[in-house]
Amino acid sequence: MEQKRNLNSDTSPLQAAEYVEKPESQLKAMWETLRQNKAAVAGLFIIGSLALIALTVWLSELMGKQILPYDPNYSDMGKSFVWPNAEHWFGTDQLGRDLFSRILDGTKISLFVGVAAVGLSLSVGVLFGAVAGYRGGRTDALIMRLMDIMLAIPSILLAIAFMAALGKGLDKAIIAIGLVSIPEYARIVRGSILSVKENDYVQAAKIIGNRPSRIIYKHILPNVISVIVVRATLGISTAVLDTAALGFLGLGVQPPFAEWGDMLGRARGFIFTAPYTLIFPGIAITITVLAFNLLGDGLRDALDPKARIK
Amino acid sequence: MLKYIIKRILMLIPVLIGVSIIVFLIMRVFSPDPAPIVLGQHATQEAQEAWRQAIGLNDPIYLQYWHYLKGALTGDLGTSYYTKIPVVKEIMARFPATIELAVVAIILASLFGILIGVVSAVKKNSIFDNAGMLLALIGVSMPIFWLGILLIILFSGTLHWLPSNGRIDPLLQPAHVTGFYLIDSLIAGDSGDFVDALRHLVLPAAALAMYSMAIITRMTRSSMLDTLGQDFIRTARAKGIAEGRVIFRHALRNGLIPIVTVIGLQLGSLLGGAVLTETVFSWPGIGAYTVTCILKSDFPVVQGVVLLVAAIFVLMNLIVDVIYAFLDPRIKYAKKEV
């Protein structure tokens with residue numbers, strides 16, 4: 001007790017403000033609870049495995065080594081539509097390419113687009129949300145009305161329109177998918193900022209003359225980071241689904257990249273003759289999305305003491 | 001209450017103007033020139049120039065937008081670049097198909113979603129609960145269009161039970177009254193048409209319902225768990241009320257607000273055109289049509305559809321809020337600042 005009082009009286013507002021700012025502690029507490037959640041750990045394990053596959057495939061490609069059973073882009077027309085067997089585990093597609101190799105290869109595209117798109121919407125969304133929440137008033141109204149307008153347009157239509165305007169390709173898919181989910185992050189961050197803005201440590205940081213950008217990034221954001229982490233994890237699963245949807249419509253990542261949605265779109269004409277070509281890419285998408293959902297749900301429960309009791 | 005509703009409807013105006021500006025910017029300012037796409041690559045430069053002049057694409061951007069806005073205010077959303085048919089007519093020809101699909105899907109989703117959610121909450125941590133939650137998890141993780149493909153492979157390709165595309169057998173066309181084939185065939189008293197339309201509807205509606213069902217299941221379960229733990233439920237049980245009545249009359253009714261919210265919002269987004277489901281099942285609704293129009297740079301149609309969809313989305317939000325007030329008399333909007 002004595003010690004505590006000393007700490008209070010001796011600490012300058014600056015130190016006090018620095019003292020509360022412990023982003024690790026919140027994430028660490030989250031991690032401790034998360035570890036108890038079997039489903040979330042399973043999700044994390046799947047994500048780890050997928051990341052490992054993606055990384056291995058990517059690195060081996062960089063070094064010019066063939067680590068997959070077959071070259072994912074090698075087409076052998078004499079071997080088109082081979083049903084799954086011991087040689088081609090998932091069979092071959094219309095161009096005689098090995099589906100197992102293509103699906104493994106596609107892991108890197110899906111994860112990369114998912115993470116990059118979330119990175120884009122997260123950075124812009126956090127900026128918008130932070131400025132709106134912190135500034136309030138007209139700035140807030142302007143930014144949030146813009147977000148409302150974007151939310152009123154179905155995200156898939158918006159993404160398709162962006163793709164039609166920007167042209168097809170990996171980078172454009174990332175931009176289109178990233179842009180459409182900016183409003184979600186902006187809303188969450190704004191809400192969280194409003195809830196901590198009036199806290200003493202923020203006021204203290206303000207009084208000692210910190211710049212708004214420093215207050216937001218040093219004092220406010222670390223305290224709302226867990227909410228952002230949950231949203232971003234679930235956001236990756238949405239981004240993976242959107243990538244697949246754009247690919248399916250023929251608008252996403254273009255060949256020679258093996259992208260799961262694109263594979264489904266191109267195999268659609270063979271739905272009755274070679275249904276297996278449509279089954280495996282879908283399983284890959286579902287497993288990836290499922291893993292991020294499991295982890296995201298687990299993180300959310302870890303954050304919410306009420307859900308923890310349940 | 002009425003004041004609140006009027007205020008919210010008036011708020012639609014700035015949203016729709018904003019939406020129209022965004023679509024205009026994407027499709028008219030940042031998109032490539034539509035002339036070669038609309039007229040074909042072999043059209044001469046002169047023909048393209050004449051077309052641009054006729055459509056008004058050579059005017060300054062702000063003037064183009066102003067002309068569009070002026071037309072829209074009088075109900076004229078322009079004509080399709082391709083068919084030359086007024087956009088309103090084009091939309092009206094396809095919208096009933098989208099509504100029919102969305103409504104049947106949301107009914108399926110609500111029915112199963114609430115049922116599974118309630119049982120999961122009541123039998124918490126049982127095998128049924130775990131299975132229900134697993135189903136809900138898979139429902140939100142599966143791409144809808146892939147589920148559609150799986151259903152086609154199984155029920156059309158393998159079992160040959162159900163058709164995989166379209167709304168009805170092309171040889172059967174019910175008399176056009178409402179545009180909803182299920183209703184039109186009933187009005188005409190033609191059971192053959194009705195059954196055929198229903199058979200065409202089953203697979204796309206099931207595929208579309210899956211995601212919404214998963215969301216509704218999760219929301220129902222968590223809302224029911226909240227209510228079941230409250231004192232008035234214990235009181236009801238202590239009074240000796242039958243368990244079924246406690247669950248449905250006391251708990252579910254009180255836990256209904258968040259469930260109604262998700263159902264309303266889901267319906268709002270389904271009415272926006274289930275782009276992918278409509279594409280997979282060649283369903284002639286506005287979702288698949290809009291995608292085609294975006295790809296063909298048919299700006300007037302895209303603008304029209306997006307405005308309609310945005311209006312539906314905003315109105316659906318309003319309807320949900322109004323339903324709140326009926327479900328929970330404590331909520332009074334008129335006094336609250338919006």
Should we say atom CZ of A:Arg187 is surrounded by more than 12 heavy atoms from elsewhere, each under 6.0 Å from it? no
Report the C-alpha distance between A:Asp297 and B:Met133 in whole Å, list the side-chain angles of each, state the deciding distance to 0.1 Å, and finish with yes or no for side-chain contact (heavy atoms from CB on, under 4.5 Å). CA-CA 12 Å; A:Asp297 286 350; B:Met133 286 306 102; over 6 Å; no
Side chain, backbone, both or neither of B:Val15 within contact of chain A (heavy atoms, under 4.5 Å): both
Contacting region of B:Val29 [heavy-atom separation from chain A under 4.5 Å]: neither
Counting only heavy atoms not in A:Phe272, do more than 12 sit closer than 6.0 Å to its CZ atom? yes
In sequence, state the C-alpha distance, the side-chain angles, and the governing distance for B:Ile153 and A:Ile279, and then conclude on side-chain contact (heavy atoms from CB on, under 4.5 Å). CA-CA 9 Å; B:Ile153 292 176; A:Ile279 288 176; 4.2 Å; yes
Is it the backbone or the side chain of B:Ile294 that comes under 4.5 Å from a heavy atom of chain A, or both, or neither? both
With chain A as the partner, which of B:Val302, B:Ile312, B:Leu150, B:Ile152 has the greatest number of non-hydrogen pairs under 4.5 Å? B:Ile152
Which portion of B:Ile26 sits near chain A, non-hydrogen atoms under 4.5 angstrom: both
Contact part of A:Phe162 toward chain B, heavy-atom cut-off under 4.5 Å: side chain, backbone, both or neither? both
Segment of A:Leu290 engaging chain B (4.5 angstrom heavy-atom cut-off): both
Is the count of non-hydrogen atoms from other residues, nucleotides or ligands lying under 6.0 Å from B:Ile127 atom CD1 greater than 12? no
As an exercise, state the distance from CG of A:Asp148 to CE of B:Met11, rounded to the nearest 0.5 Å. 7.5 Å
Please rank B:Val306, B:Val314, B:Leu137 by heavy-atom pairs under 4.5 Å with chain A and give me the top one. B:Leu137
Does OH in B:Tyr211 sit with more than 12 non-hydrogen atoms of other residues, nucleotides or ligands closer than 6.0 Å? no
Shorter than 4.5 Å, heavy atoms on both sides: which option in B:Asn317, B:Val280, B:Leu16, B:Ile17 has the most such pairs with chain A? B:Val280
Whatever's closer than 4.5 Å to a heavy atom in chain B on A:Arg268 counts as side chain
Quick one: what part of B:Arg28 sits under 4.5 Å from any heavy atom of chain A, side chain, backbone, both or neither? neither
Using heavy-atom distances under 4.5 Å, tell me whether B:Ser297 contacts chain A through its side chain, its backbone, both, or neither. neither
B:Phe30 and A:Leu166: CA distance, side-chain angles, deciding distance, side-chain contact (heavy atoms from CB on, under 4.5 Å) verdict: CA-CA 8 Å; B:Phe30 297 122; A:Leu166 298 166; over 6 Å; no
More than 12 heavy atoms of other groups within 6.0 Å of A:Trp83 CH2: yes
For a side-chain contact (heavy atoms from CB on, under 4.5 Å) check, start with the C-alpha distance between B:Leu295 and A:Leu249, then their side-chain angles and the critical distance, and finish with the verdict. CA-CA 10 Å; B:Leu295 300 181; A:Leu249 294 170; over 6 Å; no
